[in-house]
Amino acid sequence: FRYRPDTPEVLHQVSLEIRPGQRAALVGPTGAGKTTIANLVARFYEASQGAVRIDGIDVREVTQQSLHRQVGIVPQDSFLFAGSIAENIRFGDPSATDAQVEQAARMANAHDFIAALPDGYATRVLENAANLSVGQRQLVCIARAVLIDPRILILDEATANIDTVSEGLIQQALERLLAGRTAVIVAHRLSTIQNADVIFVIQDGRIVERGAHAELLAGSGLYRTLYERQFKLSSEE
């Protein structure tokens with residue numbers, strides 16, 4: 001993949017398969033190409049060569065609407081627009097009833113804080129979501145993903161900017177959301193993906209290692225180096 005024909009390749013000969021129901025983690029240094037791979041799955045970009053296939057079908061052969069009904073995304077920087085909290089949750093499925101919106105919020109651990117607001121689900125989101133904490137914004141985004149009930153879930157550093165208090169709620173909500181789904185998890189903190197079925201280690205736009213956590217940790221490659229570096233930093237804190 002390259003962003004423009006006149007720019008260098010960002011991804012080089014990347015080839016991987018994720019089976020239905022698997023949790024696949026993408027890890028590696030900043031700028032390695034992890035998020036680019038996730039964005040190709042969602043067809044925010046198109047492969048310069050080769051193809052991205054879901055159930056054997058090239059994503060370029062289906063409509064964006066059809067694809068995005070199958071794919072849910074929880075990004076690192078949660079995006080909420082000016083409108084009510086209910087409207088933000090309902091964004092993925094405008095036909096959803098109030099009861100469905102509330103059920104999605106409950107599954108996302110968002111209902112309690114929403115219900116405590118003076119206007120509940122009718123509370124207006126201010127510019128830049130200034131009236132919600134970062135953790136609360138992320139819970140609303142998770143509720144949005146729950147509502148569309150996607151077959152494929154992309155988590156792009158979904159807990160990277162979260163305070164410790166919110167992290168437990170978000171991790172619990174994500175576990176509910178992940179159940180039974182195919183997941184692509186872009187992760188910086190390796191402690192969050194130890195239970196992934198397969199981990200792809202990306203460096204300079206290439207897959208340099210692949211395997212389960214224990215298998216990669218037993219080796220002497222980049223994954224072990226990254227893990228030991230993070231473990232040392234967390235111990236020093």
Side-chain angles (χ1 to χ4, degrees), residues 20-23 38-39 41-44 54-55 59 62-186 192 195:
Q22 271 194 327
R23 296 185 188 187
N39 285 337
V41 174
R43 203 188 164 193
F44 293 145
I54 297 175
D55 293 339
V59 295
V62 301
T63 65
Q64 290 275 19
Q65 184 179 16
S66 172
L67 177 63
H68 290 159
R69 278 200 302 266
Q70 309 294 322
V71 180
I73 301 173
V74 180
Q76 175 179 345
D77 298 315
S78 48
F79 172 74
L80 302 182
F81 55 83
S84 70
I85 289 179
E87 287 169 341
N88 271 278
I89 294 174
R90 196 178 270 118
F91 179 73
D93 182 4
S95 66
T97 65
D98 289 346
Q100 288 171 322
V101 168
E102 181 178 324
Q103 178 61 25
R106 287 182 181 278
M107 288 189 64
N109 283 342
H111 173 75
D112 288 350
F113 94 79
I114 296 172
L117 296 171
D119 294 319
Y121 285 84
T123 300
R124 307 296 294 180
V125 176
L126 301 180
E127 185 175 355
N128 297 322
N131 54 331
L132 300 177
S133 71
V134 174
Q136 289 171 338
R137 294 174 215 165
Q138 199 68 315
L139 291 174
V140 172
C141 281
I142 294 171
R144 181 189 293 166
V146 169
L147 187 65
I148 65 173
D149 193 22
R151 293 175 57 227
I152 299 169
L153 185 65
I154 296 173
L155 305 180
D156 188 356
E157 303 273 20
T159 60
N161 299 324
I162 303 303
D163 59 89
T164 306
V165 175
S166 300
E167 186 175 8
L169 288 173
I170 290 172
Q171 288 287 12
Q172 187 182 60
L174 289 175
E175 279 300 314
R176 291 194 195 116
L177 183 56
L178 284 165
R181 305 182 200 280
T182 305
V184 179
I185 304 169
V186 178
T192 63
N195 294 328

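Note that the structure is predicted; figures quoted are calculated from it, not measured.
The shortest side-chain heavy-atom distance between Gln70 and Pro150 does not fall under the 4.5 Å cut-off. The side-chain heavy atoms of Leu117 and Ile85, taken from C-beta on, include a pair separated by under 4.5 Å. Residues Thr192 and Ile185 form no side-chain contact, since every pair of their non-hydrogen atoms from C-beta on lies 4.5 Å or further apart. Using a 4.5 Å cut-off on side-chain heavy atoms (C-beta onward), Met107 and Leu147 make no contact. Counting only heavy atoms from C-beta outward, the side chains of Thr123 and Ile114 never approach each other to under 4.5 Å. In this structure, the side chains of Gln138 and Val74 come closer than 4.5 Å at one or more pairs of heavy atoms.
Note that CG of Leu139 is 6.0 Å distant from CG of Leu169, once rounded to the nearest 0.5 Å. Rounding to the nearest 0.5 Å gives a distance of 13.0 Å between CD1 of Ile148 and CD1 of Ile89. For the atom pair CD1 (Ile152) and CZ (Arg69), the distance works out to 13.5 Å, reported to the nearest 0.5 Å. Atoms SG and CG, from Cys141 and Leu155 in turn, are 11.5 Å apart once rounded to the nearest 0.5 Å. For the atom pair Ile154 CD1 and Ile73 CD1, the distance stands at 4.5 Å (nearest 0.5 Å). To the nearest 0.5 Å, atoms CG (Leu80) and CG (Leu132) are separated by 6.5 Å.
A pairwise comparison of heavy atoms in Leu177 and Ala145 identifies CD2-CB, 3.9 Å as the closest pair. The shortest heavy-atom contact between Ala105 and Ala143 is CA-CB, 3.9 Å. Among all heavy-atom pairs drawn from Thr182 and Gly21, the shortest one is OG1-N, 2.8 Å. The minimum heavy-atom distance linking Ala122 with Ser84 is given by the pair O-CB, 3.8 Å. Minimum interatomic distance between Ala38 and Val186 (heavy atoms only, all atoms of both residues): CB-CG2, 3.9 Å.
For the residue pair Arg176 and Asn109, a side-chain donor N or O sits within less than 3.5 Å of a side-chain acceptor on the partner.
Judged as a side chain to side chain contact (heavy atoms under 4.5 Å, CB included), and not counting sequence neighbours, the contacts of Phe79 are Phe81. Thr97 is linked by a side chain to side chain contact (heavy atoms under 4.5 Å, CB included) to Ala99, Gln100, counting only residues two or more places apart in sequence or in another chain.
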Item to complete: Show the numbers, then the answer: is there a side chain to side chain contact (heavy atoms under 4.5 Å, CB included) between Asp149 and Arg181?
Response: CA-CA 9 Å; Asp149 193 22; Arg181 305 182 200 280; 2.9 Å; yes

Worksheet item: Does the side chain to side chain contact (heavy atoms under 4.5 Å, CB included) test come out yes or no for Leu178 and Arg23, once each step is laid out?
Response: CA-CA 8 Å; Leu178 284 165; Arg23 296 185 188 187; 3.6 Å; yes

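Using a distance-only test at 3.5 Å, with no hydrogens or angles considered, a donor-acceptor pair links the side chain of Asn131 to the main chain of Arg124. Counting only distance, with no hydrogens or angles, the side chain of Arg43 and the backbone of Leu67 share no donor-acceptor pair below 3.5 Å. Here the side chain of Arg144 pairs no donor or acceptor atom with the backbone of Phe91 at under 3.5 angstrom. Looking at His68, its side chain never comes within 3.5 Å of a backbone N or O of Thr63 through a donor-acceptor pair.
Among pairs with a residue in residues 115-154, those fulfilling ring pair (Phe, Tyr, Trp, His ring centres under 6.0 Å) read His111-Tyr121, at least two apart in sequence or across chains.
By the 6.0 Å contact criterion, CG on Asn195 is open, its count of non-hydrogen atoms from other residues, nucleotides or ligands being 12 or less. Counting non-hydrogen atoms of neighbouring residues, nucleotides and ligands closer than 6.0 angstrom, the CZ atom of Phe113 exceeds 12 such neighbours.
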